[in-house]
Amino acid sequence: MLEFIRSDLSQLSAYTQHTNDSHNLPKTLDRLDVNESPFDLPDELKQKLSWAYQQIENNRYPDGGSEGLKDAIAEYVNESGGSFTAENISIGNGSDELIRSLLIATCLGGEGSILVADPTFSMYGILARTLGIAVTTIARTETFEMDLAAAQTAIATSKNPPIRIVFVVHPNSPTGNALTATELDWLRSLPQNILVVVDEAYFEFSQTSVASELSQYPNWVILRTFSKAFRLAAHRVGYAIAHPILIAALEKVRLPYNLPSFSQAAAGVAIANRQVLLSTIPLMLAERERLFSALSQISDLQIWKSDANFIYLRCKQPGSRSFSSRSFSSKNSDPTIDLCQTLKNQGTLIRHTGGGLRITVGTPEENQRTRDRFYQFFS
Ligand SMILES: *Cc1c(COP(=O)(O)O)cnc(C)c1O
């Protein structure tokens with residue numbers, strides 16, 4: 001059937017939101033599975049957005065280059081170091097679009113492959129495979145640092161095609177750790193013919209950035225997004241910061257009107273009102289620490305410090321000395337699957353990934369329920 005479809009696509013499946021099968025679940029859900037902000041825009045900003053919507057000429061295409069927004073973004077980025085202009089910025093329909101544009105601009109047509117350290121953000125691998133681009137995966141240590149020796153070997157031995165992009169997240173998703181000094185040094189040592197993508201989707205939570213170094217490394221690009229701390233996931237706006245020549249390449253492969261007028265307006269309002277929007281971050285960080293301490297009390301869990309708006313944990317292996325077997329049904333050898341399903345039935349959605357669980361920090365009430373449901377499961 002439909003023999004015109006590329007044969008390798010049969011190996012892939014479409015990206016689905018796991019909330020799709022939610023018809024059997026409780027009415028109110030704690031959606032703690034995709035790292036969104038739990039807070040919608042304040043009414044005052046919704047009013048501003050409604051006004052912005054009224055100004056849009058709906059019969060006209062958007063500003064294709066999103067020029068006004070680029071200026072505003074450059075100014076915002078400069079607050080944390082650097083002297084960037086609109087020439088250093090490309091805007092995508094979510095940073096997912098920019099990941100795809102980077103792959104198209106570097107690896108397509110058999111010219112390159114990519115390197116990722118698992119567990120990490122899944123879209124790099126997913127998008128690469130849809131373009132027929134090979135993905136080399138290396139492991140991480142117990143504290144989720146990249147296995148740099150393996151990375152070095154992978155790069156040295158990759159020939160047909162060679163590795164052209166190294167993707168890192170700073171701090172990493174799902175594990176929450178920022179790049180270490182050693183990892184950063186390794187990235188600095190990479191040759192100019194390898195593109196280093198530093199995904200700073202959680203920058204506003206971690207306040208860790210390589211922006212101040214970008215001018216020294218024309219083979220680096222930073223990705224950021226309005227979907228997380230800026231509370232704008234509905235509008236799909238992400239951006240890349242890089243050398244103007246790389247930005248020009250991204251602009252060549254971009255679809256002409258990739259960013260709808262209303263999304264541009266929403267991102268503009270968000271940047272102009274960043275003080276208000278980002279004011280919830282101290283609360284989120286305090287809540288993260290509270291949840292971390294609470295879950296640390298459960299002896300069957302191994303849990304890691306996070307620099308982002310989520311926490312990653314795993315269940316200790318059955319058989320390990322501190323493990324008590326009573327909490328788990330014998331159906332699944334990986335107890336986190338039972339735990340994830342139990343929480344889901346109770347209305348708490350979290351993400352099962354990389355052999356562990358990633359829990360987004362929600363509102364104080366949601367976090368309290370998460371804590372209670374974990375305690376109940378392990379009691
Ligand atoms: C959430 C996230 C993004 C954001 O993607 P958008 O397409 O901008 O919503 C990008 N990278 C990582 C690592 C993320 O976790």
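In listed order, ligands and their atoms are each counted from 1.
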Thr175 side chain to Asn172 side chain, donor-acceptor N/O pair below 3.5 angstrom: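 Indeed, the side chains of Thr175 and Asn172 share at least one donor-acceptor pair under 3.5 Å.
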From Ser83 OG over to Asn88 CG, what is the distance, rounded to the nearest 0.5 angstrom?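 One finds 8.0 Å between OG of Ser83 and CG of Asn88.
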N/O pairs closer than 3.5 Å, ligand 1 and protein:
unit_1, atom_1, unit_2, atom_2, d
ligand 1, 5 (O), Ser95, OG, 3.3
ligand 1, 7 (O), Ser95, N, 3.1
ligand 1, 7 (O), Asp96, N, 3.1
ligand 1, 7 (O), Asp96, OD1, 3.4
ligand 1, 7 (O), Asp96, OD2, 3.4
ligand 1, 7 (O), Arg236, NH1, 3.3
ligand 1, 7 (O), Arg236, NH2, 2.8
ligand 1, 8 (O), Ser95, N, 2.7
ligand 1, 8 (O), Ser95, OG, 2.9
ligand 1, 8 (O), Thr225, OG1, 2.6
ligand 1, 9 (O), Ser227, OG, 2.7
ligand 1, 9 (O), Arg236, NH1, 2.6
ligand 1, 11 (N), Asp199, OD1, 3.3
ligand 1, 11 (N), Asp199, OD2, 2.6
ligand 1, 15 (O), Tyr202, OH, 2.6
ligand 1, 15 (O), Lys228, NZ, 3.1

Examine Arg224 relative to Tyr239 and say whether NZ or CZ is less than 6.0 Å from the centre of the six-membered ring and inside a 45° cone about the ring axis.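 The answer is no, since Arg224 fails at least one limit relative to Tyr239.
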Does NZ or CZ of Arg231 come closer than 6.0 Å to the centre of the six-membered ring of Phe39, within 45° of the ring's axis?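 Geometry flag: not set, cation outside 6.0 Å or 45°.
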Using the benzene-type ring in the case of Trp, are the ring centres of Tyr76 and Phe230 under 6.0 Å apart?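 Ring-ring flag for Tyr76/Phe230: true, centres closer than 6.0 Å.
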Once you measure the plane-to-plane angle for Tyr202 and Phe205, does it fall in the parallel (<30°), tilted (30-60°) or perpendicular (>60°) bin?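 Tyr202 and Phe205: tilted rings.
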